[in-house]
> 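Structure incoming, see below.
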Amino acid sequence: MEALRDLPADAPLVVLTGAGISAESGIPTFRDPDGIWARVRLEDVATPEAFARDPGRVHAFYDARRRALLDPAVRPNPAHEALAMLERRWPGPFLLVTQNIDDLHERAGSRRLLHMHGELLKALCTACGERREWRGDLGVETVCPACGRRGTLRPDVVWFGEMPYHLEVIHAALERCRLFVAVGTSGQVYPAAGFVEVARRHGALTVELNLERSAVSDLFHLHRFGRAGEIVPAFVDELLLVTGVGLA
């Protein structure tokens, strides 16, 4: 707590979230023993080569995930809500970077948010570059509303072998932040797994909030382990209290 107490209340803050924060909302993780990649080969559904080889199969995989995300039972959990509250309360620069392609942060009220791996509820046209919200199914016969081409729409998600979005903005924020917090990340997927090293090298206090130790746990100054819906709200309350921002 002493390290947190030394932070000025207007310190630049960057939060990174991974699949662990959404697991309690019913969104499957990827790398757990019973996660998505234990059931489906990523090479078959999450690479540009897979889409070129069998677009119908890739569309079916993401259509199912999109429908699951839109199930009324899937809702933000207290961890999402706590981070949205932190954004509203924090007087200094704040950036939430998520590896998740769901929209649970937005539903909870987060606004200063970047999706580095894209968004499941958006479609991207490979012909004209248009991206737009998309809540229905996609298929090889779907027509792009912008250019009229057929079969050129794909999920606006970053596949393996593609460059994540917003990296320049994210790195600039990491280099000037005084506090970096990672929530629900495995520490196995780069470049996100390297963000803690960038932030720490530039003098930030680093905090890991996770169910268990990640692959990069040793790079964090502070750790809180447990369910995201419990430890994230508790940490946010602690941070606001010790920095004098207050909870009201």
Side-chain angles (χ1 to χ4, degrees), residues 10-23 25 27 29-30 46 62 65-66 69 76-77 79-124 129-135 154-202 204 206-210 214 216 228 232 235-236 239:
D10 59 350
L13 168 58
V14 175
V15 179
L16 171 70
T17 64
I21 195 172
S22 292
S25 293
I27 304 295
T29 60
F30 289 89
Y62 285 97
R65 294 191 64 197
R66 193 179 300 109
L69 176 58
N77 63 58
H80 296 103
E81 293 164 353
L83 291 179
M85 186 266 282
L86 177 59
E87 176 186 323
R88 293 193 300 271
R89 297 272 197 266
W90 195 249
F94 179 98
L95 178 63
L96 174 58
V97 179
T98 186
Q99 298 171 268
N100 300 334
I101 60 175
D102 62 61
D103 67 337
L104 296 180
H105 282 302
E106 287 91 340
R107 289 194 228 171
S110 293
R111 294 296 177 263
R112 285 179 275 176
L113 167 68
L114 294 177
H115 282 268
M116 64 178 294
H117 291 160
E119 300 177 60
L120 183 58
L121 298 182
K122 287 186 178 180
L124 171 66
E130 172 80 6
R131 52 172 44 90
R132 61 176 60 215
E133 289 190 15
W134 201 277
R135 303 176 78 84
R154 55 165 277 185
D156 187 18
V157 299
V158 175
W159 288 326
F160 288 91
E162 296 181 325
M163 186 67 69
Y165 296 157
H166 313 298
L167 285 183
E168 186 173 338
V169 175
I170 292 169
H171 272 271
L174 290 170
E175 290 173 4
R176 64 175 176 265
C177 77
R178 291 288 304 279
L179 176 63
F180 173 77
V181 182
V183 181
T185 63
S186 68
Q188 296 177 326
V189 179
Y190 284 83
F195 289 173
V196 59
E197 185 174 7
V198 176
R200 182 165 179 158
R201 187 168 65 244
H202 286 83
T206 57
V207 182
E208 179 178 50
L209 307 178
N210 221 347
S214 71
V216 292
V232 175
F235 174 78
V236 168
L239 176 63

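Computed from heavy atoms alone, side chains included, the values below leave out hydrogens, waters and symmetry copies.
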> Nearest heavy-atom pair of Leu209 and Phe235: which atoms, and what distance?
CD1-CD2, 3.8 Å

> Under 4.0 Å between a side-chain nitrogen and a carboxylate oxygen: does that hold for Arg154 and Glu162?
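Judged by the 4.0 Å cut-off on N to carboxylate O distance, Arg154 and Glu162 do form a salt bridge.
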
> Quick one: are Val14 and Ile170 in side-chain contact, heavy atoms under 4.5 Å?
no

> Could you walk me through whether Thr17 and Leu83 pass the side-chain contact (heavy atoms from CB on, under 4.5 Å) test, one step at a time?
CA-CA 10 Å; Thr17 64; Leu83 291 179; 3.7 Å; yes

> For the CG atom of Leu104 and the CG atom of Asn77, what is their distance to the nearest 0.5 Å?
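Answer for the CG-CG pair, Leu104 versus Asn77, is 7.5 Å.
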
> Applying side chain to side chain donor-acceptor pair (under 3.5 Å), run through Glu208 and Ser214 and close with a yes or a no.
CA-CA 9 Å; Glu208 179 178 50; Ser214 71; 2.5 Å; yes

> May I ask you to test the Leu113-Thr98 pair for a side-chain heavy-atom distance under 4.5 Å?
yes

> What distance do Leu16 atom CG and Leu114 atom CG have between them, rounded to the nearest 0.5 Å?
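Reported value, rounded in 0.5 Å steps: 11.5 Å.
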
> At their closest point, which heavy atom of Leu120 faces which heavy atom of Arg66, and how far apart are they?
O-NE, 3.2 Å

> Contact between Val183 and Asn210 at the side-chain level, heavy atoms closer than 4.5 Å - yes or no?
no

> If we ignore angles and hydrogens, is there a donor and acceptor under 3.5 Å between the side chains of His80 and Ser110?
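No, no side-chain donor-acceptor pair sits under 3.5 Å.
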
> Looking at CD of Glu197 and NE2 of His202, how far apart are the two atoms once the value is rounded to the nearest 0.5 Å?
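One finds 11.0 Å between CD of Glu197 and NE2 of His202.
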
> Determine whether a donor-acceptor pair (N or O, by modelled atom type, separation under 3.5 Å) exists between the side chain of Asp156 and the backbone of Leu121.
no

> For Gly18 and Thr185, which heavy atoms make the closest approach, and how far apart are they?
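That would be N-CG2, 3.5 Å.
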
> Measure the spacing between CD1 of Ile21 and CD1 of Ile27 and express it to the nearest 0.5 Å.
12.0 Å

> Determine yes or no for a side-chain-to-main-chain donor-acceptor pair under 3.5 angstrom, with His115 supplying the side chain and Asn100 the backbone.
yes

> I need the His105 NE2 to Leu96 CG distance, nearest 0.5 Å.
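Going from the NE2 atom of His105 to the CG atom of Leu96 covers 4.5 Å.
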
> If you take all heavy atoms of Cys177 and Ala204, which pair is closest and at what distance?
O-CB, 3.5 Å

> What pair of heavy atoms forms the shortest contact from Pro76 to Glu81, and how long is it?
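Scanning both residues completely, I find the closest heavy atoms to be O-OE2, 3.9 Å.
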
> Please name the pair of heavy atoms, one in Ala84 and one in Ala108, separated by the smallest distance, quoted to 0.1 Å.
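So the two residues come closest at CB-O, 3.4 Å.
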
> What's the spacing between Phe94 CZ and Arg88 CZ if we round to 0.5 Å?
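Between Phe94 CZ and Arg88 CZ, I get 10.5 Å after rounding to 0.5 Å.
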
> For Val157 and Glu119, what are the C-alpha separation, side-chain angles and deciding distance, and is it a side-chain contact (heavy atoms from CB on, under 4.5 Å)?
CA-CA 6 Å; Val157 299; Glu119 300 177 60; over 6 Å; no

> Go through Val15 and Leu95 one step at a time and tell me if the side-chain contact (heavy atoms from CB on, under 4.5 Å) criterion holds.
CA-CA 6 Å; Val15 179; Leu95 178 63; over 6 Å; no

> Is Arg201 close enough and on-axis enough to Phe180, meaning under 6.0 Å and within 45°, for cation-pi?
no

> Evaluate Leu167 against Met116 for side-chain contact (heavy atoms from CB on, under 4.5 Å), listing each step before the verdict.
CA-CA 7 Å; Leu167 285 183; Met116 64 178 294; 4.2 Å; yes

> Has the side chain of Arg132 got a donor or acceptor atom that lies under 3.5 Å from a matching backbone atom of Lys122?
no

> Using modelled atom types only, decide if a donor and an acceptor are shared between the side chain of His117 and the backbone of Val158 within a distance under 3.5 Å.
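Side chain of His117 to backbone of Val158: no pair is present.
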
> Parallel, tilted or perpendicular: which fits the ring planes of His171 and Phe195, with parallel below 30° and perpendicular above 60°?
perpendicular

> Taking Arg111 for the side chain and Glu106 for the main chain, is one N or O donor matched with an acceptor at less than 3.5 Å?
yes

> May I ask you to decide if Arg112's main-chain N or O and Glu87's side chain share a donor-acceptor pair within less than 3.5 Å?
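Yes; judged by distance alone, with no hydrogens or angles, the pair exists.
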
